[in-house]
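Can you read through this structure? Questions will come right after.
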Protein chains: 2
Amino acid sequence: MSAEERRESVIRAAMIEFARGGYKGTSTEAIAKRVGVSQPYLFRLFPGKQAIFLEASRRCCERTTEVFRKASEGLQGEEVLHAMGAAYQSLIADDPDVLLMQMQMYVAVASAEAAGDREFGETLRAGWMEMYDAVLLALGEGETTQFLAFGMLVNVLVSMGFRPDHRVWTGFYESVQPK
Amino acid sequence: MSAEERRESVIRAAMIEFARGGYKGTSTEAIAKRVGVSQPYLFRLFPGKQAIFLEASRRCCERTTEVFRKASEGLQGEEVLHAMGAAYQSLIADDPDVLLMQMQMYVAVASAEAAGDREFGETLRAGWMEMYDAVLLALGEGETTQFLAFGMLVNVLVSMGFRPDHRVWTGFYESVQPK
DNA sequence: GTAGATAGTGATTGGCCACTAACTTTGTCG
DNA sequence: CGACAAAGTTAGTGGCCAATCACTATCTAC
């Protein structure tokens, strides 16, 4: 397998492992195992652990961005908001790790920033802004913030492990689709 | 100093350290240093690292809950929403670690859950629900979800290190206070 | 003053983990 | 064939870290 293909599979494996264990809580060994490759070989493909995390985070943002772009394609008005909500819902239904990876990215940036590393966050803010702008383009100034806010609440509720039948979810659905 | 007082100061120190470093990224040594006590002594006061994190998380929820209760006291209608928004804003202005600790709690629960530990999350969901119910009592069914959603977006934007003059914030303020 | 409890420390250990260095295997082309 | 490169491995290292054990100091009450 070519180095480029390997890098790709490492990033995919890293997304899963980092999503579940966090930056510090995931060993490069765990990623290597999932890829099916020896642990030291990761350091031939990437300069270090942080670089792998960074790529996985970027990929996570890109994937979400793409989902929003696709969902809003060719739609207008009320329909767009509904389609994008549904698209996000089905994204996290079929791959919950992208949601968790998002959360891990947020706290990783916060920790890096607290430790004095500005650069790490800079890259990820850029990735996040692409997603932001995709939503902005689809929904316009008025509804973008609100859409993202509800999205972030979803992230938190899922991360916290509230089951679908918990009252926080029934409250949530009544709020996004008032009768 | 009595053991109870020490436990209290450990929890306060832990909130700061865990907020910035996360669960895995914070050493018990760092907490002990901040308290001004030897590292092994922490294990006299708490059964283990996880127990310290759990207490710090609970404290973080309680503190937020209290802020919301106080802010809504004696107010009605439109005023309550505004007061609670302002209260949260001033909470995180004078102690940003509360916000970061929240985020660390979310991902820590997610990681524990992914590793098969249901119990850890159970306790923290209970703490979170107290905060939820404080908001529910103050704002009612209609606005609770929305208020929390915007709060979670604030958490994310702060964690990601977006500076106050960044356009995501101007977009945010326009959305919560439309002209 | 001494017995017991309470608060606290120093030294250590076993395990994990990111990363390095040196070596091997597998095409591939002249 | 033989040489070169690209893909990949085994073995090892230095550092950190949660948790334990055995010990010390201080106070209080009889």
Side-chain angles (χ1 to χ4, degrees), chain A residues 1-57 104-105 107-109 111-112 114-117 119-120, chain B residues 1-57 104-105 107-109 111-112 114-117 119-120:
Chain A
M1 193 179 285
S2 84
E4 205 44 59
E5 287 170 316
R6 273 293 188 217
R7 248 187 290 270
E8 181 60 33
S9 53
V10 168
I11 293 170
R12 272 203 296 273
M15 266 194 60
I16 297 171
E17 293 297 329
F18 280 132
R20 297 173 189 181
Y23 178 63
K24 290 277 187 173
T26 300
S27 66
T28 53
E29 177 88 47
I31 297 169
K33 272 233 177 74
R34 182 171 289 273
V35 180
V37 92
S38 72
Q39 179 261 350
Y41 188 52
L42 296 186
F43 296 87
R44 294 276 167 113
L45 303 171
F46 297 89
K49 186 186 183 184
Q50 190 179 297
I52 302 177
F53 186 86
L54 204 139
E55 280 308 306
S57 298
Q104 300 290 1
M105 174 180 98
V107 303
V109 171
S111 291
D117 182 355
E119 193 178 329
F120 182 69
Chain B
M1 194 180 283
S2 84
E4 206 43 62
E5 289 170 315
R6 274 295 186 216
R7 250 187 288 271
E8 181 59 33
S9 54
V10 168
I11 294 169
R12 271 203 297 272
M15 265 194 60
I16 297 172
E17 293 296 329
F18 280 132
R20 298 173 188 178
Y23 179 63
K24 290 276 186 174
T26 300
S27 66
T28 53
E29 177 88 47
I31 298 170
K33 272 231 176 77
R34 183 172 288 274
V35 179
V37 92
S38 72
Q39 179 259 348
Y41 189 51
L42 296 186
F43 295 86
R44 293 276 166 111
L45 302 170
F46 297 89
K49 186 186 182 182
Q50 193 180 350
I52 303 178
F53 186 86
L54 205 138
E55 281 307 307
S57 297
Q104 300 290 1
M105 175 180 99
V107 302
V109 171
S111 292
D117 182 356
E119 195 180 328
F120 181 70

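Order of the sequence lines fixes the chain letters, A, B, ..., with proteins taken first and strands second; residue numbering starts at 1 for each chain.
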Counting just side-chain N and O atoms, does A/T28 come under 4.0 Å of either OP1 or OP2 of C/dA18? yes
Note: A/A114 and B/R20 closest approach over all heavy atoms is CB-CB, 3.9 Å
From the candidates D/dT9, D/dA18, C/dA18, the one with an atom nearest any side-chain atom of A/V37 is D/dT9
A/E29 atom CD is separated from D/dT13 atom P, nearest whole Å, by 18 Å
| message | Can a donor-acceptor pair be found, under 3.5 Å and without considering hydrogens, that links the side chain of B/T26 to the backbone of B/Y23? | response | no
Donor-acceptor pair, B/S111 side chain versus B/A108 backbone, under 3.5 Å?
no
Atom CD of B/E5 and atom C1' of C/dT6 are separated, to the nearest Å, by 13 Å
Comparing A/S27 with A/R44, nearest DNA chain C nucleotide closer to 5' gives the residue A/S27
When rounded to whole Å, the NZ to P distance for the pair B/K24 and C/dA18 reads 11 Å
B/K33 atom NZ is separated from C/dT9 atom C1', nearest whole Å, by 15 Å
Closest to the side chain of A/Q39, out of C/dA18, D/dA18, C/dA21, is C/dA18
B/F46 atom CZ is separated from D/dA19 atom P, nearest whole Å, by 13 Å
Out of C/dA7, C/dT9, C/dA11, minimum distance to the side chain of B/S2 belongs to C/dA7
Contacts of A/P40 and A/L45 projected onto DNA chain D by closest heavy atom; the upstream (5') one is A/L45
To the nearest angstrom, the CG-C1' distance between B/L42 and C/dG10 comes to 15 Å
Heavy atoms of B/V35 and B/A13 approach each other most closely as CG2-CB, 3.5 Å
To the nearest angstrom, the OH-C1' distance between A/Y41 and C/dC17 comes to 21 Å
A/Q50 atom CD is separated from C/dC17 atom P, nearest whole Å, by 18 Å
CD1 of B/I52 to CZ of B/R7, rounded to nearest 0.5 Å, is 10.5 Å
Among D/dG8, C/dG8, C/dA18, the one nearest any side-chain atom of B/M1 is C/dG8
